[in-house]
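So the structure is just underneath, and the comments pick up after that.
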Number of protein chains: 2
Amino acid sequence: MFFLKDLPTREMIEGLAGRFAGADADAMLDELRLLRRASLRLRLVENYLTAQGLSQTQFLVLTVILREPDRDSLTSVEIAERLDVSRPVLSKTLATMERKGLIARQPHGQDKRCVLIAPTEAGTQTYLALLPGYCDALLAPLPDDGASKDPTATG
Amino acid sequence: MFFLKDLPTREMIEGLAGRFAGADADAMLDELRLLRRASLRLRLVENYLTAQGLSQTQFLVLTVILREPDRDSLTSVEIAERLDVSRPVLSKTLATMERKGLIARQPHGQDKRCVLIAPTEAGTQTYLALLPGYCDALLAPLPDDGASKDPTATG
DNA sequence: CGTATTTCGTTACCATGCTAACGAATCGTA
DNA sequence: TACGATTCGTTAGCATGGTAACGAAATACG
């Protein structure tokens with residue numbers, strides 16, 4: 001998360017440009033705006049999911065399994081490959097999801113080290129029930145906190 | 001952080017549109033791309049700062065105090081107002097920063113509940129030393145993991 | 001002035017991210 | 001077959017988010 005509410009002014013960045021070479025104030029501002037907007041969006045989505053009892057990662061675990069066209073289960077490693085999280089985190093997430101009854105583990109025939117992870121019926125239904133709200137959160141207008149500090153209002 | 005590496009295809013989203021009203025596949029894809037790009041950028045910046053011994057929040061605390069034009073210290077609440085983090089988190093962050101010698105606490109004359117937070121000389125120097133690398137991380141090209149899964153390359 | 005309310009900073013506790021490291025299973029190779 | 005290297009999943013330990021709740025100080029108000 002990028003927590004800075006008010007981005008630096010262009011003047012500030014240009015002032016910094018004097019200190020070192022290669023500072024491109026406009027490009028940096030664009031990136032900062034991107035970070036801030038995404039953080040607000042992320043918080044919106046996360047709040048929605050949390051209120052529904054799922055973490056982002058739990059939701060995405062269901063996503064990557066359910067969207068697999070020819071499979072109805074994935075191994076832990078396959079999920080980790082699709083989900084930029086470390087395997088220990090995934091391990092804990094899957095333990096939580098199993099405890100909640102969202103997924104079930106099945107033994108992997110060939111490789112006894114692996115476990116196949118499949119959503120339960122409840123897990124699938126939960127996912128489908130949450131999708132509309134997830135999409136809403138994705139498209140909902142943002143607080144736009146930068147613009148709320150309108151200079152004409154404060155002055 | 002948004003951990004999904006491969007965004008859903010447009011077809012997937014449009015398939016979902018059949019399930020509920022109001023799904024705008026293109027707008028949703030735009031938002032997902034935004035989230036993913038920002039997460040990669042955030043990780044880049046965070047990795048840089050972590051390697052230098054600072055967390056994002058610590059860096060931003062220095063940012064908001066040092067960029068204050070007429071002040072050389074802020075209260076905890078003022079920092080919290082500028083930095084979308086909860087006060088307990090800020091409290092812990094400030095304790096860590098004090099332990100590291102990045103900031104110093106001064107008593108607030110009028111209000112004995114408040115404490116004024118000022119960067120130490122070392123804190124200021126650390127901040128200035130990290131700024132160029134921070135800007136570099138902000139502008140560095142991203143892994144672009146979505147495009148790396150080029151169908152023409154895999155097929 | 002005296003008391004209720006609010007505000008500040010902190011503590012306690014929990015969830016979730018990370019790396020390091022471990023046992024168990026598999027693979028590679030002599 | 002036997003043994004070293006690798007891979008899978010987990011555990012341990014740490015950092016950093018969050019909310020709830022607390023004491024101390026300031027404020028509001030009768």
Side-chain angles (χ1 to χ4, degrees), chain A residues 1-4 39-40 42-61 73-100 102-117, chain B residues 1-4 39-40 42-61 73-100 102-117:
Chain A
M1 293 283 290
F2 183 69
F3 291 116
L4 187 64
S39 291
L40 291 171
L42 212 47
R43 191 164 269 186
L44 208 66
V45 171
E46 205 155 340
N47 284 347
Y48 167 71
L49 289 178
T50 300
Q52 309 296 317
L54 251 63
S55 73
Q56 277 253 26
T57 305
Q58 290 169 19
F59 185 81
L60 292 179
V61 165
S73 63
L74 292 177
T75 68
S76 214
V77 168
E78 289 171 324
I79 298 173
E81 282 169 359
R82 290 160 173 73
L83 273 204
D84 226 355
V85 294
S86 62
R87 267 182 300 170
V89 168
L90 184 58
S91 179
K92 281 185 288 188
T93 302
L94 292 177
T96 303
M97 293 178 76
E98 189 179 23
R99 219 183 316 119
K100 289 190 198 176
L102 296 170
I103 58 164
R105 292 170 140 93
Q106 302 158 358
H108 188 292
Q110 281 76 27
D111 193 334
K112 286 178 187 166
R113 291 171 306 177
C114 300
V115 182
L116 284 170
I117 308 295
Chain B
M1 294 283 290
F2 183 68
F3 290 115
L4 187 64
S39 291
L40 291 172
L42 211 48
R43 192 165 269 187
L44 208 67
V45 171
E46 205 154 341
N47 285 347
Y48 167 72
L49 288 178
T50 300
Q52 309 295 319
L54 252 63
S55 72
Q56 277 253 26
T57 306
Q58 289 169 21
F59 184 82
L60 291 179
V61 164
S73 63
L74 291 177
T75 67
S76 213
V77 168
E78 289 172 323
I79 299 173
E81 282 169 358
R82 290 159 173 73
L83 274 203
D84 226 356
V85 293
S86 63
R87 267 183 300 171
V89 168
L90 184 58
S91 179
K92 283 184 286 187
T93 301
L94 293 176
T96 302
M97 294 177 75
E98 189 178 24
R99 220 184 315 120
K100 290 191 197 175
L102 296 171
I103 58 163
R105 293 171 141 92
Q106 302 158 357
H108 188 293
Q110 281 76 26
D111 193 333
K112 285 179 188 168
R113 292 171 306 177
C114 301
V115 182
L116 284 169
I117 309 294

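Here is how names work: the chains are called A, B, and so on, in the same order as the sequence lines, proteins then strands, and each is numbered from 1.
Scanning atom types as modelled, one donor and one acceptor separated by under 3.5 angstrom connect the side chain of B:Lys92 and the base of D:dG18. Side-chain atoms of A:Arg113 and base atoms of C:dT26 include no donor and acceptor less than 3.5 Å apart.
At a threshold of 4.0 angstrom between heavy atoms, the contacts of A:Ser91 include nucleobase atoms, whether or not backbone atoms are also involved. Within 4.0 Å (heavy atoms only), B:Glu78 reaches no atom of the nucleic acid at all. Residue-level contact check: B:Val77 touches the backbone only, with heavy atoms under 4.0 Å from sugar-phosphate atoms and none from bases. Within 4.0 Å of A:Thr50, counting heavy atoms only, lies no atom of the nucleic acid at all. Looking at heavy-atom distances under 4.0 Å, A:Ser55 makes contact with sugar-phosphate atoms alone, never a base.
Residue B:Thr57 places at least one side-chain N or O under 4.0 Å from the OP1 or OP2 atom of D:dG17. Taking side-chain N and O atoms only, A:Ser86 has no distance below 4.0 Å to OP1 or OP2 of C:dG17. Remark: A:Arg87 is not in phosphate contact with D:dT10, judged by side-chain N or O atoms under 4.0 Å from OP1 or OP2.
Across the protein-nucleic acid pair, B:Gln56 atom CD and C:dG17 atom P stand 17 Å apart, rounded to whole Å. A:Leu94 has its CG atom 14 Å from the P atom of D:dC8, to the nearest Å. Per the geometry, CD belonging to B:Glu46 stands 10 Å off P belonging to C:dC18, to the nearest Å. The CE atom of B:Met97 sits 18 Å away from the C1' atom of C:dT10 (whole-angstrom rounding).
Each of A:Lys112 and A:Val89 was assigned the nucleotide of DNA chain C with the nearest heavy atom; the assignment lying further toward the 5' end belongs to A:Val89.
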